[in-house]
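Lettering of chains follows the sequences in order, A, B, ..., and the numbering in each one begins at 1. Heavy-atom basis, side chains included; hydrogens, waters and symmetry copies ignored.
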There are 2 protein chains.
Amino acid sequence: MTGAAGPTVDAEITWLLHRAAQRMHVVTGEQAEKHGLSLRDHIVMSALDKTPGMTQVELAKTLGLDKTTLMSLLDRLEQQGLVVRRADPRDRRARLPELTPAGDERRATVAAASTAAELAALSSFSAADVAVLRRMLFELIGTGTDPGSCL
Amino acid sequence: MTGAAGPTVDAEITWLLHRAAQRMHVVTGEQAEKHGLSLRDHIVMSALDKTPGMTQVELAKTLGLDKTTLMSLLDRLEQQGLVVRRADPRDRRARLPELTPAGDERRATVAAASTAAELAALSSFSAADVAVLRRMLFELIGTGTDPGSCL
DNA sequence: TATTGTTATACTCTATAACTATA
DNA sequence: TATAGTTATAGAGTATAACAATA
């Protein structure tokens, strides 16, 4: 497409990213589903663990989710008793989702299985390559996003 | 999550990939849409250009699309006069989609705009880093897929 | 029997708009 | 007026099942 350069790997980065994400979604998602969670459930719960005290809008922005998308995720997690929405004492409009003890236990279980699966899928790469990948993805996401959201 | 190691960038690779793909999808997709195509339309047409003579099943496998997903894409492209489905003389079940002259012209236009947008989005990275990224994504996709599909 | 193309269908993800209660 | 949460809804993207024609 660009011309004479690449031999086999000249496909669009956009589509390669899409398919790689799709594949890793399967790999880690099936770990989460073993414990009754979707990948996105797990992502939300990880964020609640790493950065507690966020409002729902802040949480959505951090994860790159639409606030309405986050709603259904939180609804389901709350219904399962894994998350509770607490009132923010400083702003009566806001609600602060947080993990319940049961939620945190589930989160830790899934986190272990998920990262293990991720490591296995990346096992053929050098640590340096993985570091490059991680840095590039992170910077790519940051482009166009306001700073401050450090996932 | 893994423990004490990473300072800021310790998020799951899976989610980073997802969001990076999402972002690049916007970047290159809006170029395609300037010319009346979706990103996926463009991906299909690029594949038809690079590897002509594939059946629909082969095309779907190459692109990592479900065959039923490909159907609606081809339907729309055929309806717009950008693609035709020709009969395979060697297998009367099979049909070989190919670009029309109009389709190839449109494809070339979108390809130029799309790769330019991709390059711009990746402009802050070194060529070596982009090469690492491309190679890793490619290998990641290959895992679990039968060889032979070289996109 | 297996495979290609096809249709119908459903489920998930995502985004938009509008409403409510606060600020 | 602006913002946080919420609801309803619609549009993509994806996958499953079933069918016809052909191998």
Just the rounded figure in Å: distance from [atom2] of [N] to [atom1] of [X].
X	N	atom1	atom2	answer
A/Asp75	D/dT6	CG	P	7 Å
B/His25	D/dG13	NE2	C1'	9 Å
A/Asp88	D/dA4	CG	C1'	10 Å
B/Arg76	C/dT6	CZ	P	16 Å
B/Met54	C/dG5	CE	C1'	16 Å
A/Glu30	D/dA15	CD	P	14 Å
A/Leu70	C/dA15	CG	C1'	14 Å
B/Leu39	D/dT14	CG	P	10 Å

Nearest listed nucleotide, side chain of [X], among [options]:
X	options	value
A/Val57	D/dA4, D/dG13, D/dA18	D/dA4
A/Met71	D/dT6, C/dT6, C/dT4	D/dT6
B/Thr68	C/dT6, C/dT16, C/dA23	C/dT6
B/Lys67	C/dT22, C/dG5, D/dG5	C/dG5
A/Ala94	D/dA23, D/dG5, C/dT22	D/dG5
A/Arg93	C/dT4, D/dA2, D/dT22	D/dA2
B/Leu65	C/dA18, D/dT14, C/dT16	D/dT14
B/His18	C/dA21, C/dT14, C/dA15	C/dT14

What's the shortest heavy-atom distance between A/Pro97 and A/Leu59, and which atoms?
-> CG-CD2, 4.3 Å

Closest non-hydrogen atom pair, B/Ser114 against B/Thr28 = OG-CB, 3.6 Å

Should B/Ile141 and A/Leu16 count as side-chain neighbours, where that means a heavy-atom distance under 4.5 Å?
-> yes

Going by heavy atoms in the side chains, are A/Leu77 and A/Leu37 under 4.5 Å from each other?
-> yes

Side-chain donor or acceptor of B/Glu118 paired with backbone N/O of A/Ile13 under 3.5 Å | yes

Does [N] have OP1 or OP2 sitting under 4.0 Å from an N or O in the side chain of [X]?
X	N	result
A/Arg85	D/dT6	yes
B/Arg95	C/dT6	yes
B/Arg92	D/dA21	no

Partner of B/Asp41 under side-chain hydrogen bond (donor to acceptor under 3.5 Å, both in side chains), picked from B/Arg76, B/Gln80, B/Arg106, is B/Arg76

So which one's nearest nucleotide on DNA chain D is more toward 5', B/Asp91 or A/Gln22?
-> A/Gln22

Find which nucleotide of DNA chain C each of A/Asp66 and A/Arg90 is nearest to by heavy atoms, and output the residue with the more 5' nucleotide.
-> A/Asp66

